[in-house]
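I have placed the structure first, in the form of structure tokens, so that the comments after it can refer back to it.
The chains referred to below are lettered A, B, ... by the order of the sequence lines, with proteins before strands, and numbering in each begins at 1.
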Number of protein chains: 2
Amino acid sequence: MEKQVTIYDLARALNLSTATISRALDDSPLVKPKTREKIRAMADKMGYRQNLIASNLRKQQSRTIGVLLHEVNSYFSTSVLAGIEKITTHEKYDILIAHSGEDGEREIANTRNLFNKRVDGLIVSLAMTTVATDHFTPFFEQGIPVVFFDRVAKKMPCNKIVIDNFKAGYEATAHLLQQGYRRIAHITASLQRNVYEDRFRGYKKALADHNIHFDPLLMESCSLNREDTLAVMDQLLEQKPDAFFITNDFAAAVCMDELQRRGIRIPEDIGVMGFNNDILGSLINPRLSTVDYPGTQMGETAAQILIDKIKTKKNGKATAEHKSVIIPSTLLIRESSVKKDRHRRSHK
Amino acid sequence: MEKQVTIYDLARALNLSTATISRALDDSPLVKPKTREKIRAMADKMGYRQNLIASNLRKQQSRTIGVLLHEVNSYFSTSVLAGIEKITTHEKYDILIAHSGEDGEREIANTRNLFNKRVDGLIVSLAMTTVATDHFTPFFEQGIPVVFFDRVAKKMPCNKIVIDNFKAGYEATAHLLQQGYRRIAHITASLQRNVYEDRFRGYKKALADHNIHFDPLLMESCSLNREDTLAVMDQLLEQKPDAFFITNDFAAAVCMDELQRRGIRIPEDIGVMGFNNDILGSLINPRLSTVDYPGTQMGETAAQILIDKIKTKKNGKATAEHKSVIIPSTLLIRESSVKKDRHRRSHK
DNA sequence: TTTTGAAATGTAATCGATTTCATTATACAA
DNA sequence: TTGTATAATGAAATCGATTACATTTCAAAA
């Protein structure tokens with residue numbers, strides 16, 4: 001385990017000051033090209049590597065962005081991460097990923113840790129069980145930019161990247177209604193979170209606009225994991241629904257699988273509509289109708305806005321105003337929600 | 001944007017030295033409980049937050065582990081990450097995730113960056129196009145522990161967490177043979193990587209053991225993404241195979257979908273065997289036979305071994321010997337590879 | 001009361017790079 | 001040759017926490 005080579009070692013070896021070394025390695029025009037070359041050569045020869053911890057301490061930055069995710073196991077999450085990474089790599093930032101596993105307590109602990117690590121900015125999607133948002137105030141007080149995406153805090157004024165969940169929920173439900181489905185069951189998650197609440201409102205509005213009475217017995221919230229979804233589905237089937245609108249493709253796929261196992265035909269007997277456009281949906285039979293959710297684009301947008309805020313902050317300009325971006329989502333109609341006979345009839 | 005509160009501010013406010021403050025906040029028994037309480041209270045009151053960058057510089061550590069992944073978009077990758085995270089969270093380490101997108105060049109750049117960030121250890125799965133492994137030598141020279149998992153460098157002596165890919169490939173192929181399939185096509189990825197090479201060897205050995213001549217025309221390497229897989233499958237179909245052994249569940253699902261679209265029945269006409277046990281496989285029809293790949297366990301093991309190495313290193317004991325762990329994988333026989341008629345016959 | 005050892009606190013160096021504010025070298029004009 | 005502007009380099013402070021080593025405090029023993 002050799003000792004690290006520092007700029008002091010380089011300075012000694014070349015009989016120069018650390019100031020010159022530092023400047024040379026930073027490509028500063030203040031040092032003579034010939035000197036710079038000498039320093040470069042010696043740095044290579046001695047195997048010098050910059051100590052970013054020391055650099056960051058001095059520069060009062062970390063060139064790191066914290067990403068606080070509710071979960072990482074979905075296609076949506078990895079898409080968002082890919083989008084964030086694309087931008088941050090280009091802008092030479094690192095990302096520190098923390099995930100809360102949908103647990104508000106862990107979200108708080110993670111937020112605290114990222115703050116202590118002095119991340120230059122934060123990208124957040126709230127956990128399912130988060131209620132208060134006090135844990136972000138240290139960031140606001142220090143003027144460290146925070147961008148929320150997807151799962152945002154409704155009341156708080158902040159930077160937000162979202163889709164129009166109300167509209168998406170409305171359109172998905174309206175589509176099912178147009179296909180002739182009437183008793184549309186809705187499986188979703190905690191209504192505390194904007195995304196689920198908005199979609200639910202969209203669902204109810206679409207029903208109302210089609211003169212259908214909303215039946216509370218046709219709606220259930222759960223964690224959307226396999227077991228909970230199956231349990232909830234089982235319960236809802238007693239209400240004799242003719243369609244399911246499920247706010248998650250994985251849960252929708254689980255339902256479809258179980259329905260088919262019970263001999264129920266999709267979409268003839270029961271129509272299914274998912275949400276998120278997970279790859280999964282294009283590989284199951286019948287192909288799942290869903291709402292395309294541009295994860296990569298959300299990630300890119302969030303990262304770009306965050307980095308812009310970080311940069312303008314450095315230039316001293318305060319940027320108090322909050323950006324709010326709505327990314328377009330689109331209804332993706334495939335097979336699980338399109339009644340074939342009805343379709344055929346309409347063509348004849 | 002207020003100024004950060006430092007231990008100097010606390011020291012001044014309480015008329016104590018920074019040494020005492022630092023010790024108190026670290027729960028050192030060297031400071032009187034009463035003093036500690038006072039310090040704690042003042043820290044809370046003034047909103048003190050530890051600056052981990054300064055702390056890490058002084059302590060010559062980062063309490064961060066670098067994770068270098070070939071990709072992050074698979075169920076396997078997220079499982080591994082979950083496993084790593086479980087351990088690191090418990091041991092109070094952060095993880096810095098870098099992914100190479102299967103590109104060797106990016107892997108080199110990422111490795112360099114993680115080194116400069118002074119990660120305390122590194123967990124790696126090699127990219128598809130990586131050839132040399134010189135980029136890891138700075139870690140070895142500095143005695144920074146590195147653990148490879150899954151995609152490891154065969155020739156290099158190092159810490160490795162793998163499954164027995166040869167055995168898994170053998171068993172998967174043998175199972176298909178037992179089911180009566182004879183012309184088994186093999187779709188895999190770059191044979192440069194141990195995992196694919198070993199599985200391929202297992203495949204060939206199983207064929208040989210069943211007195212079946214290996215036909216090179218039945219084997220193709222590709223990136224395993226949708227388009228490439230479909231192209232390769234199309235080509236292989238000309239060789240009239242009666243089964244596919246595909247080293248990736250996603251690619252297998254894509255194939256199954258396309259085969260069924262062409263009216264080919266699975267498993268009656270063609271049997272399909274995947275690899276990795278992606279959730280996907282349990283949601284498609286017929287359910288995909290595959291090899292269960294314990295990602296979470298691999299992640300946990302890799303993280304635990306790495307942290308142990310970091311700890312023993314701190315205690316001064318050099319740990320030159322390399323750990324090599326083989327995690328058990330299991331053949332998961334579902335529907336896509338089991339000939340129903342044959343099955344029935346054997347029961348009658 | 002003095003001694004003594006442990007307990008508590010303090011002083012200052014340290015981690016490694018950056019950067020402000022000098023200072024020295026160099027080139028060109030007068 | 002001298003003066004002067006500019007280019008190049010250096011000395012030392014700085015970022016904030018930790019910690020080796022020194023010093024003070026205090027209670028119990030002598």
Side-chain angles (χ1 to χ4, degrees), chain A residues 1-40 42-43 46-64 113 115-120 142 314, chain B residues 1-40 42-43 46-64 113 115-120 142 314:
Chain A
M1 178 162 56
E2 304 169 24
K3 184 79 184 50
Q4 288 284 358
V5 179
T6 72
I7 54 169
Y8 293 92
D9 301 319
L10 293 179
R12 203 170 318 113
L14 290 163
N15 205 23
L16 285 167
S17 72
T18 60
T20 305
I21 307 289
S22 174
R23 284 193 276 250
L25 295 173
D26 195 35
D27 271 328
S28 158
L30 285 177
V31 355
K32 192 155 56 169
K34 224 179 276 179
T35 318
R36 189 193 342 238
E37 284 322 307
K38 253 193 301 186
I39 293 174
R40 274 282 155 65
M42 183 59 83
M46 298 179 66
Y48 170 81
R49 296 290 188 112
Q50 184 186 35
N51 184 326
L52 284 173
I53 297 181
S55 172
N56 287 334
L57 173 60
R58 176 60 227 242
K59 293 210 263 186
Q60 294 285 76
Q61 53 152 36
S62 63
R63 267 205 114 63
T64 299
N113 180 252
F115 183 87
N116 286 356
K117 283 255 171 179
R118 296 299 195 270
V119 293
D120 295 335
Q142 294 294 326
K314 263 195 186 157
Chain B
M1 179 164 53
E2 302 168 25
K3 184 76 183 52
Q4 289 284 358
V5 180
T6 71
I7 54 170
Y8 293 92
D9 302 320
L10 294 179
R12 203 170 318 114
L14 290 163
N15 204 24
L16 285 167
S17 73
T18 59
T20 306
I21 307 288
S22 174
R23 285 193 274 252
L25 294 173
D26 194 33
D27 270 327
S28 159
L30 286 177
V31 356
K32 188 153 60 166
K34 222 180 275 179
T35 318
R36 192 195 338 242
E37 285 322 307
K38 253 194 302 185
I39 292 174
R40 273 283 156 64
M42 183 57 85
M46 296 178 69
Y48 170 81
R49 297 290 187 109
Q50 185 186 35
N51 185 328
L52 284 174
I53 298 181
S55 172
N56 286 335
L57 174 60
R58 177 60 227 242
K59 294 209 262 185
Q60 293 287 71
Q61 54 153 36
S62 61
R63 267 205 115 59
T64 298
N113 181 252
F115 182 87
N116 287 356
K117 285 252 170 180
R118 295 301 193 270
V119 292
D120 295 334
Q142 294 296 322
K314 261 194 187 157

How many whole angstroms separate atom [atom1] of [X] from atom [atom2] of [N]?
X         : N       : atom1 : atom2 : value
Arg118(A) : dG16(D) : CZ    : C1'   : 9 Å
Gln61(B)  : dT18(D) : CD    : P     : 10 Å
Arg63(B)  : dC15(C) : CZ    : C1'   : 18 Å
Leu10(B)  : dA17(D) : CG    : P     : 8 Å
Ile39(B)  : dA17(D) : CD1   : P     : 13 Å
Leu57(A)  : dT18(D) : CG    : P     : 12 Å
Ile21(A)  : dT19(C) : CD1   : C1'   : 15 Å
Leu25(B)  : dA17(D) : CG    : P     : 9 Å

Exercise. Quick one: on DNA chain C, does Ala54(B) or Leu30(B) contact a more 5' nucleotide (nearest heavy atom)?
Worked result: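 Checking each residue's closest nucleotide, the 5'-ward one belongs to Leu30(B).
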Of Ile53(A) and Thr35(B), whose nearest nucleotide on DNA chain C comes first from the 5' end?
->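 It is Thr35(B), whose closest nucleotide lies nearer the 5' terminus.
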Start at the 5' end of DNA chain D and walk down; is the nucleotide closest to Lys32(A) or to Tyr8(A) reached first?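 Taking each residue's closest nucleotide, the earlier one in sequence belongs to Lys32(A).
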Any side-chain N or O of [X] under 4.0 Å from OP1/OP2 of [N]?
X        : N       : answer
Gln60(B) : dT18(D) : no
Gln50(A) : dT18(C) : yes
Thr20(B) : dG10(C) : yes
Ser17(A) : dG10(D) : yes

For the side chain of [X], counting heavy atoms from C-beta on, which of [options] is nearest?
X        : options                   : result
Lys59(B) : dA11(D), dT19(D), dG16(C) : dT19(D)
Ile7(A)  : dT18(C), dA11(D), dA8(D)  : dT18(C)
Arg58(A) : dC21(C), dA17(D), dG16(C) : dG16(C)
Thr6(B)  : dA17(D), dT9(D), dG16(C)  : dA17(D)
Ser55(B) : dT18(D), dT19(C), dT9(D)  : dT18(D)

For the residue pair Gln60(A) and Asp120(A), establish whether any side-chain heavy-atom pair is separated by less than 4.5 Å.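 Result no, sub-4.5 Å side-chain heavy-atom pair not found.
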- [ ] Please examine the side chains of Leu16(B) and Leu10(B), heavy atoms only from C-beta on, and report whether any two atoms are closer than 4.5 Å.
- [x]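 No; the side chains remain at least 4.5 Å from each other.
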*Is the backbone N or O of Ile53(B) less than 3.5 Å from a side-chain atom of Asn56(B), with the two atoms forming a donor-acceptor pair by type?*
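Here the side-chain-to-backbone pair does not exist.
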**Study point:** base_contact_polar (dG10(C) base, Arg23(B) side chain, donor-acceptor, <3.5 Å)
**Key:**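 Per atom types, the contact qualifies.
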Item to complete: Decide yes or no on salt bridge (charged side-chain N to carboxylate O under 4.0 Å, His left out) for Arg12(B) and Asp9(B), but give the supporting numbers first.
Response: CA-CA 5 Å; Arg12(B) 203 170 318 114; Asp9(B) 302 320; 3.5 Å; yes
Practice problem: Determine, for Arg36(A) against Asp26(A), whether the closest basic-nitrogen to carboxylate-oxygen distance falls under 4.0 angstrom. | Solution: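 Judged by the 4.0 Å cut-off on N to carboxylate O distance, Arg36(A) and Asp26(A) do not form a salt bridge.
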Requested in this report: Kindly compute the distance separating CD (Gln4(A)) from CD (Gln142(B)), expressed to the nearest 0.5 Å.
Outcome: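 Output value for this atom pair is 4.0 Å.
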Within the structure shown, what part of the strands sits under 4.0 Å from [X] by heavy-atom distance: base, sugar-phosphate, or nothing?
X        : value
Leu16(B) : sugar-phosphate
Thr18(B) : base
Asn15(B) : sugar-phosphate

